[in-house]
Amino acid sequence: MPNRPRVDPLELGADDLRAMMIQWGEPPYRADQLRRFALKGVLIESMTALPASLRSRLNETLADNRVIIVREMADDRDGCAKYLYRLSDGQCVEGVRMRYNHGDTLCVSTQAGCRMGCGFCASTLNGLARNLTAGEMLGQIAAASERSTVGNIVLMGSGEALDNYDSAMAFLRAVNDPQGFNIGMRRVSLSTCGMADEIERFASEGLPVTLCVSLHAPDDGTRRALMPIARRYPLPRLIAACKKYLRETGRRVIFEYALISGVNDSPAHARRLAALIRGMQSHVNLIPLNPIPERDLRPSSEPVAARFQRELESAGVSVTRRRALGGGVQGACGQLRQSVMER
Ligand code: SAH
């Protein structure tokens with residue numbers, strides 16, 4: 001097929017889908033059938049309830065949302081699994097399934113690669129390859145669901161969800177649809193590197209999704225050295241956007257903070273972090289840095305991490321240190337894809 005832009009049925013409104021069917025001389029209810037299939041991640045060729053002629057026309061027009069698990073690594077110690085998915089054009093993205101007491105959580109990718117350039121992250125090393133469609137995000141859930149039931153979603157795989165805004169929103173609405181996977185918005189989290197304008201736009205969607213913000217530093221100097229996005233949106237602007245999100249959705253914001261040895265892990269950094277988010281309904285997730293071979297950054301030692309946590313606690317900050325899940329399966333962003341693409 002030539003590189004004609006193709007539409008994803010999940011990204012078309014119900015009215016547009018119906019208009020398309022009518023224009024093709026099909027009964028309008030075909031649009032609802034099509035959407036119901038798409039919501040379950042069914043590929044066009046398998047929509048056998050639709051006439052073959054319609055299927056072949058859909059095949060020419062719609063995006064090929066094929067998502068296949070081509071590699072799978074399981075870690076028996078913690079029940080985590082890492083999947084490498086292949087998309088229809090050969091691009092690969094990855095996902096991690098984490099087993100918690102309250103059911104499986106699937107980490108979903110929103111882009112192949114990423115253009116945000118964070119200095120510690122493997123997903124961004126080769127820049128952005130392309131955006132995923134909503135159907136390809138859903139396809140990851142469909143593929144993973146063949147292995148185990150997925151109860152919770154985190155948009156924390158490769159890519160920046162808010163940099164692929166429309167597809168991410170179409171995905172959120174689709175995954176929540178009672179005719180599809182029917183996963184409640186309260187069981188969904190979206191992580192961003194801190195795109196303040198897009199956070200505010202997201203706040204106005206009125207979806208009770210948990211917002212996670214990758215902070216990783218309590219001052220703009222340290223943050224700019226790690227994350228290029230900090231140049232576009234300095235901390236006061238970012239924190240204001242988070243407060244707006246909290247106001248509009250009533251959901252406390254989760255701040256992610258990867259402890260990096262000698263970079264952002266001193267008691268002074270902890271005190272500054274506490275001051276930055278004082279009075280705000282929020283929670284801090286301390287993550288051990290997963291070192292990637294391409295970068296010379298190391299995780300903080302255990303005593304330094306414990307001290308950092310204590311410092312936050314004594315300042316009244318709600319904080320947990322995330323279990324280092326997925327370490328045995330190259331769970332850090334982009335690591336598996338990177339190791340495959342380099343061959
Ligand atoms: N673009 C989104 C999702 C990225 S991945 C975001 O920036 O939030 C999810 C989380 O993993 C982010 O908090 C990200 O900063 C973090 N992360 C990326 N590489 C990491 C690494 N090597 N070690 C620890 N955390 C990492």
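We count ligands from 1, going down the list as the structure has it; atoms in each ligand are counted the same way. Values below: every heavy atom of this structure, side chains too, minus hydrogens, waters and symmetry copies. Quick caveat: nothing in here was measured; it's all calculated off a predicted structure.
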**Request:** Give, for atom CG of Asn176 and atom CG of Leu39, the distance between the pair rounded to the nearest 0.5 Å.
**Result:**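 Going from CG on Asn176 over to CG on Leu39, the span is 10.5 Å.
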**Asked** Quick one: does ligand 1 sit under 4.0 Å from the side chain of Thr192, the backbone, both or neither, non-hydrogen atoms only?
**Response** backbone
**Prompt:** With backbone taken as N, CA, C and O and side chain as the heavy atoms from C-beta onward, which portion of Glu160 lies under 4.0 Å from ligand 1: side chain, backbone, both, or neither?
**Reply:** both
**Request:** Ignoring angles and geometry beyond distance, decide whether Glu256 reaches within less than 3.5 Å of ligand 1 through its nitrogen or oxygen atoms.
**Result:** no
**Item:** ligand 1 N/O within reach of Cys121 N/O, cut-off under 3.5 Å
**Value:**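 Between Cys121 and ligand 1, no N or O pair is found under 3.5 Å apart.
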For ligand 1, which atoms have a heavy atom of [X] less than 4.0 angstrom away?
X	value
Cys193	6 (C), 7 (O), 8 (O)
Gly159	1 (N), 2 (C), 3 (C)
His216	13 (O), 14 (C), 15 (O)

**Request:** Return the set of residues passing salt bridge (charged side-chain N to carboxylate O under 4.0 Å, His left out) with Arg115 (not counting sequence neighbours), or none when no residue passes.
**Result:** Asp163
**Message:** Check Glu205 with Arg173, please: is the shortest side-chain N to carboxylate O separation under 4.0 Å?
**Reply:** yes
**Asked** Do NZ/NE/NH1/NH2 and the carboxylate oxygens of Asp220 and Arg231 come within less than 4.0 Å?
**Response** no
**Message:** Measuring from atom 13 (O) of ligand 1, which candidate in Ser214, Ala258, Cys212 has the nearest non-hydrogen atom?
**Reply:** Ser214
**Complete:** Check: of Cys107, Ser158, Ser123, Gly157, min heavy-atom distance to atom 4 (C) of ligand 1 comes from Gly157
**Request:** Return yes when atom CZ of Arg237 has more than 12 non-hydrogen atoms of other residues, nucleotides or ligands closer than 6.0 Å, and no otherwise.
**Result:** yes
**Request:** Test Glu136 against every option in Arg130, Arg66, Arg6 by the salt bridge (Lys or Arg N to Asp or Glu O under 4.0 Å) rule and name the one that passes.
**Result:** Arg130
**Complete:** Heavy-atom closest pair (Gly41 atom, Ala142 atom, distance to 0.1 Å) is CA-CB, 4.3 Å
